[in-house]
Enquirer: 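There's a structure below that I have some questions on.
The structure presented is a predicted model; accordingly, all values stated were derived computationally and were not measured. In what follows, every chain begins at residue 1, and chains take the letters A, B, ... in the order their sequences are listed.
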Amino acid sequence: MMDFQTLIITLEDYWRGRGCLLVQPYDLEVGAGTFAPATFFSVLGPGPVRTAYVQPARRPADGRYGENPNRLHQHHQYQVILKPGPADVQDVYLESLGALGIDPELHDLRFVEDDWESPTLGASGLGWEVWCDGLEITQYTYFQQMGGFELDPVPVELTYGLERIAMFLQGVENVFDLEWAPGVSYGALRKRPEYEFSRYSFEEVPAGEYPGLFRRFEQECLSLQKQGLVYPAYDFVLKCSHIFNLLDARGAVSVSERAHYIARVRKLARGCARIYLGEKEERGKPDG
Amino acid sequence: MAEKKNFLLEIGTEELPPAFIRPALEQLRGWAEETYPGAGCRTLSTPRRLVLFLEGLPVRREETVFGPPLDRARDKDGGWNRQAIGFARSRGKRAADLEVARKKGREYCALTIRRETAEELPGEVSALLGRISFPKSMRWLSGDPFRFGRPIRWLLCLFGSEVIPVEAAGLRAGRETRGLRFFAPGSRQVRRADLGEFKRLLRENFVIADPAARRKKIEGGILRQLRRRRPGARPEEIDPELLDEVTGLVEYPRVIRGGFDPEFLSLPAEIPVTVMKVYQRYFPVFREDGGLAPEFLLVANGPFRKTAAIRKNNERVLRARLADAGFFWREDQSRPLADRVEDLEGMVFHRGLGTYLAKTRRLVPLAGRIARLLGASAGGVKTAERAARLSRADLTTAMVREFTDLQGVVGREYARLQGEGEGVALALREQYLPRRSGDGPPESLPGVALALADRLDTLAAFFRAGFSPSGSQDPYGLRRQAGGVVRIIIERGLNLSLPELVGEAVSGLNLSSGESGEGGGEILDFIRTRLEAYLEGRGFPVDTVRAVFASGWDRLPAALDRIETLERMRGSRELLAAATIIERTANIVRGSGLSGEEEWRGDSADHPAETKLARALAERGEEIRRLIGEGEYRKATVEYARIFSRRLSEFFDRVLVNVEDEKQRKNRMILLKQINRVYTDSLADLSLLQFERGEHILE
């Protein structure tokens with residue numbers, strides 16, 4: 001039986017063998033692996049990219065105090081970016097499932113249409129959910145846009161849902177029963193943080209103060225953009241996005257405000273993309 | 001006989017969405033029929049391939065190309081002059097190839113050009129691939145703007161046994177195809193363009209390429225499973241849309257049975273059914289008594305020898321989904337629908353068209369007025385208004401946020417739980433009917449009122465904002481909205497006036513926005529096009545529909561009645577006679593500017609045939625109008641023909657209408673116009689009917 005950490009190591013090993021640069025998780029709160037700079041910036045511009053990393057992803061609204069067997073405030077994604085997407089990308093991906101011990105002659109593997117869009121990042125793509133016996137285990141997307149810019153070459157993003165895959169491999173029905181390492185359960189590591197973060201996002205987030213925080217981060221982002229400091233500026237895009245997610249989970253955002261917040265974050269993300277691309281044009285640096 | 005060969009094209013892709021397949025095949029077929037008329041055309045498809053097969057394509061085609069006329073192509077010695085030789089060169093030929101050909105009685109210098117199909121095909125097919133359009137298309141090639149529904153990964157193109165080296169999408173076509181992933185790895189060589197051979201080769205490699213055969217296999221598999229439990233199960237029980245979708249998701253179907261915990265049967269059946277169908281593409285299983293059984297059928301993709309793991313894993317996925325639904329069900333009860341209405345302030349109905357709360361506020365009075373027009377009691381009106389108030393409240397529930405397809409169902413079920421009346425609950429679900437072609441219209445009166453109010457308001461709002469559909473573009477689905485209005489009114493036989501309804505919706509919008517806007521006419525025209533399409537779909541000839549609509553169509557049941565009557569009378573002597581009357585009276589008055597409202601003056605009439613005709617009109621005209629008013633359309637038609645056919649014939653034989661004397665001419669025209677209007681005012685303008693030539697008669 002494959003424990004959680006072996007699952008990660010197996011994917012790392014597999015994608016290293018396929019020429020991927022293995023980078024480390026980003027150290028700020030992100031809602032998905034796509035938000036990490038290793039994806040956001042690397043898909044922009046002309047240079048080739050092969051990179052892979054684990055990314056803890058936080059979705060405050062999905063927290064369930066550690067009581068729901070399938071929902072988490074924070075889960076883990078394994079993110080692979082291949083730019084340009086190679087012609088045999090499906091086969092290479094499916095082989096990675098083989099490496100995890102999923103025998104395609106015993107399991108029903110399917111690519112089911114699921115186009116993807118992130119209004120906060122100004123990003124969109126066409127692609128599929130990959131189903132294994134009816135369970136969505138990966139998002140497989142050809143990005144078309146990021147930060148509002150058309151992408152050429154077109155990158156492929158593979159996002160593995162690690163908890164789901166682990167539950168599938170281990171045959172458990174409750175995420176907290178997963179074995180993280182021999183003798184250590186997922187619950188032992190994650191149950192208390194899940195509970196506490198659920199309390200925080202649903203009950204303790206200071207709904208009156210965080211909008212001000214959002215504005216300050218927004219200002220910071222804009223002024224860093226003016227100085228051309230695009231990576232620090234992008235950190236503040238992520239902070240704004242996270243503050244918004246917290247307010248949303250807290251129920252402090254009406255739906256019309258919601259659209260407004262999203263548009264503000266998108267504007268910041270577009271600014272970062274624009275500066276990043278512009279800077280590269282000036283210096284003629286190779287991408288990477 | 002010209003030499004012929006078969007043609008086979010396979011476009012191998014990453015998995016195409018099921019809805020993309022049929023339109024793409026139609027475009028392939030359209031291209032084939034236009035480019036190679038006369039060649040037999042077949043298409044095949046799976047999620048990973050679009051296949052076009054053409055039988056009996058000519059290997060070459062000869063064509064005569066005309067140059068200058070002969071008298072300008074000869075030099076004085078009778079040889080070809082410079083102009084003629086230039087013409088030959090421009091076509092890559094020499095003077096010796098020039099010949100003489102006749103066209104329209106004149107002689108020309110000409111060339112016979114042979115076109116080799118094999119040489120034309122690469123360019124043709126490559127252009128074709130670039131032209132196929134999809135509901136949504138994508139780029140995947142670097143530095144190449146080529147778009148397709150999903151990435152193309154291989155191309156097979158054969159003409160006879162020869163490869164046509166089409167270049168497109170960064171690929172060069174060959175003779176390799178692929179079987180089912182995993183079960184038939186690698187590629188397979190295709191010897192020649194032979195449909196039977198190709199299908200057999202794919203079949204051996206676990207691909208059923210013919211979607212009809214695949215659908216049949218799935219249907220058979222499901223039926224076998226259903227009959228194990230219930231021998232009386234019938235094919236009609238299987239949802240055809242889901243069957244189509246699943247057919248588009250697999251290359252080699254295998255039906256597998258699974259089950260779920262009966263505790264989830266405590267949820268209203270539509271919730272697990274929707275979760276199974278829409279979110280997992282499972283077929284639900286029903287018991288003898290129509291109740292939901294705790295089972296499902298899934299269609300896996302492959303010739304699996306062992307299915308236990310697939311079944312167990314799918315069961316686990318469904319259990320998690322149903323557990324979510326159960327959780328939302330309980331959690332949503334913390335706030336009743338009535339309290340959620342104000343939350344709609346934050347939900348935008350459409351950009352620039354305000355929020356759902358604003359829409360709700362317009363719907364309440366509109367649904368109430370429509371209920372009143374439908375003859376509802378005070379209680380019925382109240383029910384419709386209450387349902388309108390709650391109509392979109394379920395959009396704010398966790399259940400609908402997670403399972404959007406349950407909109408309406410959730411509204412109904414929560415309304416029941418929260419003690420809203422059953423009438424309100426039903427209307428909350430029925431407002432979305434008919435959703436697809438197989439659905440009926442709403443049953444209950446408040447449901448009808450709300451369904452109509454919602455659609456009319458949507459049309460009014462979109463047209464007001466200038467989002468009216470044009471050509472084939474209808475991004476907001478307004479055709480479906482208008483089509484819904486049409487279906488509800490006709491299929492429920494509602495005697496409502498469409499102009500009045502549209503007027504109510506437009507003025508409701510004016511009232512709420514404080515603006516005044518028209519636009520009702522445009523909406524009516526739009527509804528009319530949907531109405532014509534709907535009636536055509538039901539098999540009524542366009543000319544009958546147009547003839548009837550020319551005499552008014554605002555009350556649809558009556559219009560439909562008139563259409564049906566005329567259709568039943570097709571080919572009858574009476575209808576022919578009536579049509580002849582209408583046509584001849586219309587023809588002669590056309591362009592005169594007369595309306596028939598003018599007075600016919602007996603003292604100007606000096607011919608007995610004219611006086612006789614006028615007397616018949618005076619004595620019987622009202623009677624015919626009365627028959628029409630009472631819906632006695634057949635009787636009215638028969639009577640109209642009986643009264644006027646012979647008299648009119650006599651009149652035309654003996655009286656000249658177009659006489660010099662203007663007063664007399666006009667007077668006669670007025671009479672004819674009045675006769676015409678007796679019928680065309682409110683039954684049909686029969687001059688728009690298409691008859692076989694020579695059918696017209698006047699007795």
Enquirer: To the closest 0.5 Å, what do you measure between CZ (Phe182(B)) and CG (Leu106(A))?
Expert: 11.5 Å
Enquirer: Tabulate, in ascending numerical order, the residues of residues 132-141 of chain A having at least one heavy atom closer than 4.5 Å to a heavy atom of chain B, or enter 'none'.
Expert: Asp133(A), Gly134(A), Leu135(A), Tyr140(A)
Enquirer: Taking the side chain as every heavy atom from C-beta outward, state whether Glu67(A) and Phe327(B) have any atom pair closer than 4.5 Å.
Expert: no
Enquirer: Is any side-chain N of the basic residue among Asp324(B) and Arg71(A) closer than 4.0 Å to the acidic one's carboxylate O?
Expert: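 Looking at Asp324(B) and Arg71(A), the cut-off is met.
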Enquirer: Between Asn313(B), Leu298(B), Leu318(B), which has the largest tally of heavy atom pairs under 4.5 Å with chain A?
Expert: Asn313(B)
Enquirer: At what distance, to the nearest 0.5 angstrom, does CH2 of Trp128(A) lie from CG of Leu16(B)?
Expert: 8.5 Å
Enquirer: Looking at side-chain heavy atoms only, is the closest gap between Leu109(A) and Arg181(B) below 4.5 Å?
Expert: no
Enquirer: Identify all side-chain donor-acceptor contacts of residues 143-155 of chain B below 3.5 Å with residues at least two apart in sequence or on another chain.
Expert:
residue, atom, partner, partner atom, Å
Asp144(B), OD1, Phe146(B), N, 2.9
Arg147(B), NE, Ser137(B), OG, 2.9
Arg147(B), NH2, Ser137(B), O, 3.1
Arg150(B), NH2, Asp115(A), OD1, 3.1
Arg150(B), NH2, Gly127(A), O, 3.1
Arg153(B), NE, Ala87(A), O, 3.3
Arg153(B), NE, Glu14(B), OE2, 2.8
Arg153(B), NH2, Tyr142(A), OH, 2.8
Arg153(B), NH2, Glu14(B), OE2, 3.0
Trp154(B), NE1, Glu10(B), OE1, 2.9

Enquirer: Using ring pair (Phe, Tyr, Trp, His ring centres under 6.0 Å) as the criterion, list what pairs up with Phe143(A), not counting sequence neighbours.
Expert: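 Only Trp116(A) meet the ring pair (Phe, Tyr, Trp, His ring centres under 6.0 Å) criterion with Phe143(A).
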Enquirer: Identify which part of Asp88(A) has an atom lying under 4.5 Å from any heavy atom of chain B, answering side chain, backbone, both or neither.
Expert: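 No part of it gets close to chain B.
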Enquirer: Within the structure provided, determine whether Val317(B) and Trp131(A) are in side-chain contact (heavy-atom separation under 4.5 Å).
Expert: no
Enquirer: Check whether any side-chain heavy atom of Glu113(A) lies under 4.5 Å from a side-chain heavy atom of Glu15(B), and answer yes or no.
Expert: no
Enquirer: Can you tell which of Gln280(B), Lys306(B), Arg316(B) has the highest number of heavy-atom pairs within less than 4.5 Å of chain A?
Expert: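 Max contact count across the listed options: Arg316(B).
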Enquirer: Heavy-atom distances under 4.5 Å only: say whether Leu171(B) touches chain A with side chain, backbone, both or neither.
Expert: neither
Enquirer: Donor-acceptor pair, distance only, cut-off 3.5 Å: does the side chain of Gln144(A) make one with the backbone of Arg139(B)?
Expert: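 Pair found, side chain donor or acceptor close to backbone of Arg139(B).
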Enquirer: What part of Arg319(B) lies closer than 4.5 angstrom to a heavy atom of chain A: side chain, backbone, both or neither?
Expert: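 The answer is the side chain of Arg319(B).
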Enquirer: Output yes when Glu331(B) and Arg64(A) qualify as a salt bridge under the 4.0 Å nitrogen-oxygen rule, no when they do not.
Expert: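 So Glu331(B) does not pair with Arg64(A) through a salt bridge.
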Enquirer: Apply the test side chain to side chain contact (heavy atoms under 4.5 Å, CB included) to residues Arg110(A) and Val250(B): give CA-CA distance (whole Å), side-chain angles for both, the deciding distance (0.1 Å), then the verdict.
Expert: CA-CA 8 Å; Arg110(A) 231 67 94 64; Val250(B) 295; 3.8 Å; yes
Enquirer: Tell me, out of Tyr279(B), Phe20(B), Tyr282(B), Phe183(B), who's got the most heavy-atom pairs with chain A below 4.5 Å.
Expert: Phe183(B)
Enquirer: Using only non-hydrogen atoms and a strict under-4.5 angstrom cutoff, which residues of residues 147-156 of chain A touch chain B?
Expert: Glu150(A), Leu151(A), Asp152(A), Pro153(A), Val154(A)
